[in-house]
Amino acid sequence: MEGAEETSLLGERGVGQPAQFKTYRRRWVLLAAVCLLNCSNAMLWLTFAPVADKTAAYFHISLEMVNWLSIVYLLISIPFGLVATWILDTVGLRCAVILSAWLNMMGSIIRLFSVLKFLSLGSQSYWYLYIGQCLCALAQPLIIFSPTKVAALWFPDHQRATANMIASMSNPLGIFIANMLSPALVPEGKHIPLMLGVYAIPAVTACVLATVGIHEKVPPTPPSASATNSTSQPFFTGLKMLLRNKPYIILALSFGGGIAVFTCFTALLEQILCEKGYSNKFAGLNGALFTVCGLLGAFLLGLYVDWTRHFIESTKICFCLSALAGIMFAVASRFSHQPITVAIASSLFGFFGFAIYPISMELAVECSYPVGEGTSTGLIFVASQIEGVILMILLQALTVRVSADPSSTCTLDQDGALNWTTSVLVLAGLCSALACFYVIFFHTDYKRLQAETNSGDFFKAEDTATEDVPEA
């Protein structure tokens with residue numbers, strides 16, 4: 001006997017029988033596993049960035065080698081991103097989540113080997129850190145591409161945007177936790193082993209939850225008409241369809257560039273502010289405001305879009321507002337003694353910018369349906385990584401070496417400090433150009449919603465009091 005409630009549709013399908021769809025309570029277990037895994041992976045990515053100097057001293061390595069522990073995520077995700085999309089849309093969601101969970105856990109455990117004294121690794125300890133980071137980097141595309149797939153396969157149409165928002169925003173939540181937790185755990189270099197042990201706990205927990213809690217790659221009965229055809233196109237056929245889809249290309253370029261802008265902003269925030277005399281603590285506060293306000297914006301917009309279905313209007317308005325906030329930050333950060341204005345600009349930049357991300361991923365699925373969700377969202381992420389590398393190199397090339405300013409809080413080398421004025425203005429200008437490009441040129445039909453409407457999918461599936469037994 002099945003415990004999940006069947007809800008007949010208002011319309012009739014094909015042969016005249018009412019179409020029936022179901023939701024299952026275990027979808028929340030799957031969502032919890034994806035959220036915890038996404039959060040853990042982001043924490044492992046930025047473990048060392050907030051305590052780079054102490055990490056370098058503890059392992060007797062240079063700061064450049066510490067930076068490579070973060071950069072490796074970016075480099076590995078570009079080629080492996082295409083593999084991850086194939087796994088999601090061909091092998092299945094269950095395999096992708098469990099594989100990423102094990103890669104993430106093994107990476108966190110291998111990192112611990114570097115601080116085990118009885119192994120006497122000496123100069124080789126850094127390479128255990130690096131290998132562990134590489135395994136975690138392999139897990140990243142698999143888990144970052146999963147939210148739209150989870151939402152499409154397991155959640156009804158009126159919960160998809162919210163489910164996608166919750167799963168997607170767990171990644172910036174992990175970034176926020178890492179920025180706060182690493183400095184708290186490592187007041188001195190000798191506490192590095194404690195930090196690595198603490199960061200392994202959520203990785204192990206996520207792996208256990210995914211392995212034990214996920215039993216099927218799809219629910220026995222789909223929650224919507226579109227879920228029935230979630231992977232209707234073969235992987236390479238889907239790629240060809242996307243490359244010929246003009247609205248999708250515009251979306252990928254616009255939001256890929258937007259994600260690249262946000263990545264550079266996060267990575268360079270401290271360096272941008274210190275040259276004008278703002279402390280590292282203030283830079284950290286701005287990073288926290290940027291992320292927390294972004295999580296709030298994503299939550300509110302996700303609920304709004306689930307209710308109204310205004311994907312395009314919402315993203316266009318928020319993209320423009322985030323560009324205005326970026327301009328505000330670019331101007332305010334070039335003046336000393338403007339902490340309130342800078343903090344407000346950072347908060348607004350995060351609030352409107354982060355809000356777009358999960359909705360844009362849903363929009364990618366809408367404009368590319370019936371291409372698989374992993375492929376349509378994965379290509380945007382790969383594009384953002386490529387654009388991010390190019391933009392990071394460009395912004396650093398545009399910096400100007402200046403003599404030491406007494407008010408500067410930067411850690412100066414013998415050649416002086418870096419002035420980021422041109423780079424910040426270029427970053428704001430690029431964000432504005434991307435917003436204008438998207439607003440003017442992006443137009444599309446909601447193909448997935450139209451397919452559900454044509455199938456008579458006007459239902460609202462509800463949970464039941466008891467769970468059903470999975471079908472063989």
Side-chain angles (χ1 to χ4, degrees), residues 29-30 32-49 55 58-59 61 65-66 68-88 91-121 124-147 167 170-171 174-175 177-178 181-182 185 192-215 217 374 378 381:
V29 176
L30 174 59
V34 170
C35 288
L36 183 57
L37 182 55
N38 210 349
C39 183
S40 169
N41 188 260
M43 291 168 62
L44 294 172
W45 171 36
L46 287 184
T47 299
F48 306 101
T55 302
Y58 183 86
F59 289 102
I61 56 178
M65 295 179 73
V66 176
W68 271 102
L69 296 173
S70 299
I71 295 172
V72 68
Y73 264 70
L74 191 67
L75 295 178
I76 286 181
S77 64
I78 294 174
F80 191 68
L82 295 176
V83 178
T85 60
W86 177 83
I87 292 174
L88 267 169
V91 182
L93 177 64
R94 178 177 181 269
C95 175
V97 173
I98 293 178
L99 176 60
S100 63
W102 277 90
L103 287 170
N104 198 59
M105 183 186 70
M106 293 305 299
S108 69
I109 292 174
I110 290 175
R111 299 194 322 170
L112 279 171
F113 292 167
S114 65
V115 296
L116 297 179
K117 298 297 183 183
F118 66 86
L119 293 179
S120 301
L121 296 173
Q124 299 298 315
S125 59
Y126 170 78
W127 296 107
Y128 279 84
L129 278 183
Y130 191 76
I131 292 172
Q133 287 294 100
C134 287
L135 289 177
C136 296
L138 287 172
Q140 185 193 42
L142 288 167
I143 192 59
I144 281 186
F145 299 172
S146 295
S170 58
N171 186 270
I175 295 174
I177 292 173
L181 190 59
S182 289
L185 290 175
I192 292 285
L194 171 64
M195 178 181 70
L196 295 179
V198 169
Y199 277 70
I201 294 173
V204 173
T205 305
C207 186
V208 172
L209 182 60
T211 304
V212 174
I214 304 175
H215 305 288
K217 66 178 183 180
F381 180 77

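- In this structure, the separation between CD1 on Ile201 and CE on Met105 is 14.0 Å, given to the nearest 0.5 Å.
- Annotation: side chain to side chain contact (heavy atoms under 4.5 Å, CB included) contacts of Ala203 (sequence neighbours excluded): Ser40, Leu44, Asn104, Ser108.
- For the pair Val29/Ile214, no side-chain contact is recorded, criterion being any heavy-atom separation below 4.5 Å from C-beta on.
- In this structure the side chain of Phe113 never reaches within 4.5 angstrom of the side chain of Ile131, judged on heavy atoms.
- Heavy atoms only, all atoms of each residue included: Asn171 and Ala42 are closest at O-CB, 3.2 Å.
- Looking at every heavy atom in both residues, Ala101 comes nearest to Ala206 through CB-O, 4.4 Å.
- A 4.5 Å side-chain heavy-atom check between Leu30 and Leu93 finds at least one atom pair inside the cut-off.
- Judged by distance alone, with hydrogens and angles left aside, the side-chain atoms of Ser114 form no donor-acceptor pair with the main-chain N or O of Ile110 at under 3.5 Å.
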Test log, rule side-chain contact (heavy atoms from CB on, under 4.5 Å), inputs Cys136 and Asn41: CA-CA 7 Å; Cys136 296; Asn41 188 260; 4.2 Å; yes
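- To the nearest 0.5 Å, atom OG1 of residue Thr55 and atom CG of residue Leu129 are 8.0 Å apart.
- Put simply, the side chain of Asn38 gets close to the backbone of Ala167: a donor and an acceptor are under 3.5 Å apart.
- Counting only heavy atoms from C-beta outward, the side chains of Phe145 and Ile87 never approach each other to under 4.5 Å.
- Interatomic distance, Leu116 CG to Tyr128 OH, rounded to the nearest 0.5 Å: 10.0 Å.
- Minimum heavy-atom separation, Gly174 to Met43: O-CG, 3.3 Å.
- Looking only at distances, no side-chain donor or acceptor of Arg111 sits under 3.5 Å from a matching main-chain atom of Leu196.
- Under the rule for a side chain to side chain contact (heavy atoms under 4.5 Å, CB included), the partners of Ile76 that lie at least two apart in sequence or sit in another chain are Val72, Phe80, Cys134, Ala137, Leu138.
- The two residues Ile177 and Cys39 have their closest heavy-atom pair at CD1-SG, 3.9 Å.
- Screening residues 70-82 for side chain to side chain donor-acceptor pair (under 3.5 Å), with sequence neighbours left out, gives Ser77-Gln385.
- In this structure, Leu103 CG and Ile98 CD1 are separated by 12.0 Å, a value rounded to the nearest 0.5 Å.
- In this structure, Ser182 and Leu46 approach most closely via the heavy-atom pair OG-O, 4.3 Å.
- From Ile143, atom CD1 reaches atom OG of Ser100 across 4.5 Å, with rounding to the nearest 0.5 Å.
- Listed here is the closest heavy atom pair of Pro193 and Leu112: O-CD2, 4.4 Å.
- Contact check for Phe381 versus Thr85: no side-chain heavy atoms found under the 4.5 Å cut-off.
- Gln133 has its side chain within reach of Phe48: a pair of non-hydrogen atoms, C-beta onward, lies under 4.5 Å apart.
- Side-chain contact between Val115 and Tyr58 is present, with heavy atoms from C-beta onward closer than 4.5 Å.
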